[in-house]
Amino acid sequence: MTSGTAMMTDKEIFKDCLTSEKFMAAGYNSYADECAHPELRCTMINILQDTHTMQAEIFTEMNSRGWYPVKQAQQADIDQAKQKLTSGQ
């Protein structure tokens with residue numbers, strides 16, 4: 001018997017989790033930036049770090065399964081990006 005509900009694939013579940021983690025990280029970052037109380041700010045930063053860790057784990061798993069391929073940057077492109085960041089451009 002079918003319930004009429006489509007099942008999500010593993011890839012769709014991972015993509016949904018990664019999107020959720022990115023959304024949560026953006027929120028926690030804003031909360032941490034705007035905390036007036038030092039202990040609350042520290043708590044928000046700790047939660048943000050946990051969120052980044054989870055996001056990285058999901059990304060790594062997706063990448064290993066070929067669901068989130070990334071192009072390897074050329075060393076010249078890396079050097080150019082570093083230069084722009086350090087020069088304030």
- Nearest heavy-atom neighbours spanning Trp67 and Asp10: CH2-CB, 3.6 Å

- Item | Shortest non-hydrogen contact from Ile58 toward Cys17 | CD1-CB, 3.8 Å

- CD on Gln74 to CG on Asp77, rounded to 0.5 Å: 6.5 Å

- When rounded to the nearest 0.5 Å, the distance separating CD of Gln55 from OG of Ser20 is 10.5 Å

- Where Ala73 and Ile78 come nearest, the two heavy atoms and their spacing: CB-CG1, 3.8 Å

- Query: Do other residues, nucleotides or ligands put more than 12 heavy atoms under 6.0 Å from Met24 CE?
  - Reply: yes

- Query: Of the non-hydrogen atoms in Asp33 and Arg41, which two are nearest, and what is the gap between them?
  - Reply: O-NH2, 3.5 Å

- Query: For the atom pair OG1 (Thr53) and CG (Leu48), what is the distance rounded to the nearest 0.5 Å?
  - Reply: 9.5 Å

- Query: Does the side chain of Arg65 come within less than 4.5 Å of Met62's, by heavy atoms?
  - Reply: no

- Closest non-hydrogen atom pair between Ile45 and Ala32, with its separation: CG1-CB, 3.9 Å

- Message: Going by the rule ring-ring contact (aromatic ring centres under 6.0 Å, His included), which residues pair with Tyr68 if we only count those two or more places apart in sequence or in a different chain?
- Response: Phe59

- Query: How many angstroms lie between atom CG of Asp16 and atom CD of Glu21, to the nearest 0.5 angstrom?
  - Reply: 10.5 Å

- Task: Would you tell me whether Asp79 and Gln83 have side-chain atoms, one donor and one acceptor, within less than 3.5 Å of each other?
- Result: no

- For the atom pair NE2 (His37) and CE (Met44), what is the distance rounded to the nearest 0.5 Å? 12.5 Å

- Is the side chain of Thr60 donor-acceptor paired with the backbone N or O of Glu57 at a distance under 3.5 Å, no angle test? no

- Task: Working to the nearest 0.5 Å, report the span between OH of Tyr31 and CG of Leu40.
- Result: 11.5 Å

- Query: How about Phe14: does its CZ atom have over 12 heavy atoms from other parts shown lying under 6.0 Å from it?
  - Reply: yes

